Number of protein chains: 2
Amino acid sequence: MSLRYALLALLSVEPMTGYDLYKEFEASVGHVWHAPDSQIYPELRRMEKEGLLDGEEVTWGQRGKKRRYHITDAGVQAFRDWMNTTLEYTRVRDPAHLKAAYLEWAAPEAAREQMRAHIEHHTGLRQQWEQRIREIDQDASEMLNRRLAGTPEADRDRVKAFKRFTYEGLVARAEQEIAWAERGLDLIDDLYANRRSSRQGAGTKK
Amino acid sequence: MSLRYALLALLSVEPMTGYDLYKEFEASVGHVWHAPDSQIYPELRRMEKEGLLDGEEVTWGQRGKKRRYHITDAGVQAFRDWMNTTLEYTRVRDPAHLKAAYLEWAAPEAAREQMRAHIEHHTGLRQQWEQRIREIDQDASEMLNRRLAGTPEADRDRVKAFKRFTYEGLVARAEQEIAWAERGLDLIDDLYANRRSSRQGAGTKK
DNA sequence: CGCCACTATCTATGTTGATAGTTAGTTAGC
DNA sequence: GCTAACTAACTATCAACATAGATAGTGGCG
């Protein structure tokens with residue numbers, strides 16, 4: 001259901017084609033919400049049918065054409081309504097922690113590898129998100145600048161502040177995940193060191 | 001794909017019926033991986049067909065019957081293989097942060113309500129997870145005790161340590177989310193206070 | 001001119017998950 | 001003996017996502 005609102009958020013700035021939206025998803029919103037083109041195109045058609053968007057045929061080169069979508073008043077209203085509705089949370093479903101709970105089944109090296117992959121994954125995310133924060137601070141994001149251009153001056157601070165706040169939260173989360181996996185690596189070392197060198201008394205070093 | 005491995009994890013301790021597994025999902029593993037019965041029953045049948053489980057008809061009362069599933073060697077192997085394979089991470093898809101990124105669209109009170117709901121949701125999760133940690137420390141979990149009973153003594157520390165580690169990570173995550181939403185509440189106050197009481201100079205009236 | 005990378009869109013298939021409803025037996029208390 | 005709550009299992013439908021591939025036009029380079 002959120003895909004629809006991610007699309008409305010982007011289209012509230014300016015009209016775009018499905019391909020534009022797909023590219024934008026890859027480049028920026030995709031850091032918060034990812035969607036493949038095969039999901040975007042049909043959703044846009046559905047949204048047009050429901051009156052949230054207006055589609056406009058645009059020619060492109062000699063014979064090429066593309067469909068550019070404009071948000072309608074109903075679309076703006078739908079987005080605003082969603083924003084004013086408290087979101088219901090879905091149940092936890094976390095493969096990384098599920099695996100962690102049974103890590104004694106893995107070979108020590110595989111367990112370590114799992115933790116390393118977790119660190120790598122979240123390090124990558126953190127970098128992307130920190131990059132987004134830098135772009136916000138330096139007004140370097142095309143999309144955000146266009147959004148700000150269409151925003152009353154008095155509200156611009158808020159637009160930037162909420163965006164920054166969002167990415168700060170994601171960075172903090174990534175850092176938490178990295179810290180957790182680092183502790184996992186230490187734990188694995190401890191648990192499998194105890195074996196070989198017969199844990200001599202209360203062998204909790206480190 | 002993970003549902004299958006969550007089921008194998010539980011069935012590696014002892015044979016269970018679909019209903020047992022469903023109940024166990026609600027009570028414990030569900031804090032890491034949730035699944036409705038309508039997903040569990042067909043998956044069990046599929047797993048039996050693939051040789052990961054053996055199903056056994058058990059009578060219950062006069063006419064009642066139920067199907068108890070035993071893990072097979074192939075099932076154990078499949079689980080071990082999964083545990084030794086590094087998991088691929090899926091793309092980010094986070095409704096709460098998607099919404100946060102466009103919070104300027106929400107009425108201030110709705111924005112606050114969103115943050116409060118985030119805090120409440122993660123406070124609930126934290127409580128459940130802290131409870132799990134307490135159970136681990138006090139050997140109060142039936143399921144875990146049965147698992148430990150079937151584990152060589154030398155490995156028991158590990159079983160408990162990894163379980164504890166998992167829930168510690170989840171608690172830390174919940175705390176991070178709570179702290180983030182608290183900051184969100186402060187931010188909302190700041191951003192909308194500026195309006196009414198023109199904070200020091202910077203004459204943004206309305 | 002031919003090729004290639006890119007733009008643009010669509011389709012098809014399969015899995016996963018959410019929601020809800022159906023059927024039927026069991027157990028315990030009033 | 002009835003009823004309510006629980007145990008047990010299955011079915012149906014729909015939305016969401018993943019993955020892959022099909023089709024076709026564009027624009028630039030050598």
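Since the structure is predicted, the reported quantities are computational estimates derived from the model, not experimental observations. Lettering of chains follows the sequences in order, A, B, ..., and the numbering in each one begins at 1.
Aromatic rings from His118(B) and Tyr89(A) are positioned such that their centres are separated by under 6.0 Å. Here the two rings, on Trp180(B) and His97(B), have centers that are under 6.0 Å apart. Ring centroid separation for the pair Trp105(B) and Phe79(A) comes in under the 6.0 Å cut-off.
Taking atom CZ on Arg46(B) and atom P on dA9(D), their separation rounds to 16 Å, with Å as the unit. A straight line from CG of Asp37(B) to C1' of dT11(D) spans 11 Å, rounded to a whole angstrom. Between the C1' atom of dA8(D) and the CG atom of Leu44(B) lies a distance of 12 Å, rounded to the nearest Å. The nearest whole Å value for the distance from the OH atom in Tyr41(A) to the P atom in dA20(D) is 19 Å. Between the CD atom of Gln39(A) and the P atom of dC14(D) there is a distance of 18 Å, rounded to whole Å. Going from atom OH of Tyr22(A) over to atom P of dC17(D) covers 16 Å, rounded to whole Å. In this structure, the CD1 atom of Ile40(B) is 11 Å from the P atom of dA9(D), given to the nearest Å. For the pair Phe25(B) CZ and dA9(D) C1', the interatomic distance rounds to 16 Å; values are reported in whole Å.
More than 12 heavy atoms of other residues, nucleotides or ligands shown are found within 6.0 angstrom of CD on Gln138(A). For Glu57(B), the CD atom counts as densely surrounded, since its 6.0 Å shell holds more than 12 non-hydrogen atoms of other residues, nucleotides or ligands. Within a 6.0 Å radius of CD in Glu120(A), other residues, nucleotides and ligands contribute 12 heavy atoms or fewer.
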Under 4.0 Å protein heavy-atom contacts per nucleotide of nucleotides 23-30 of chain D, with B for base, S for backbone only and - for none: --BS----
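Within 4.0 Å (heavy atoms only), Ser38(A) reaches at least one base atom of the nucleic acid. When heavy atoms are screened at a 4.0 angstrom cut-off, Arg4(B) is found touching no nucleic acid atom at all.
Arg156(B) places a side-chain N or O within 3.5 Å of a backbone atom of Thr151(B) that can act as its donor or acceptor partner. Using a distance-only test at 3.5 Å, with no hydrogens or angles considered, no donor-acceptor pair links the side chain of Arg146(B) to the main chain of Glu14(B). Between the side chain of Asp190(B) and the main chain of Leu187(B), no donor-acceptor pair closer than 3.5 Å is present. Under the 3.5 Å distance criterion, the side-chain polar atoms of Arg147(A) are left unmatched by any main-chain donor or acceptor of Val13(A).
Put simply, chain A comes within 4.0 Å of DNA chain C, heavy atom to any atom, from dT7(C) to dA18(C), going 5' to 3'.
Residue whose closest nucleotide on DNA chain C sits further toward the 5' end, between Lys23(A) and Glu43(B): Lys23(A). A residue-by-residue look at Pro42(B) and Leu3(A) shows that Pro42(B) has its nearest nucleotide of DNA chain D further toward the 5' end.
Between Glu135(A) and Arg132(A), at least one side-chain N (NZ, or NE/NH1/NH2) sits under 4.0 Å from a carboxylate O, which counts as a salt bridge.
Proximity of Arg68(B) to the phosphate of dA9(D): no side-chain N or O atom is located under 4.0 Å from OP1 or OP2.
Ile119(B) pairs in a side chain to side chain contact (heavy atoms under 4.5 Å, CB included) with only one of the listed residues (Glu177(B), Gln114(B), Glu182(B)), which is Glu182(B).
Within residues 84-94 of chain B, the residues approaching DNA chain D are Arg93(B), by heavy-atom distance under 4.0 Å.
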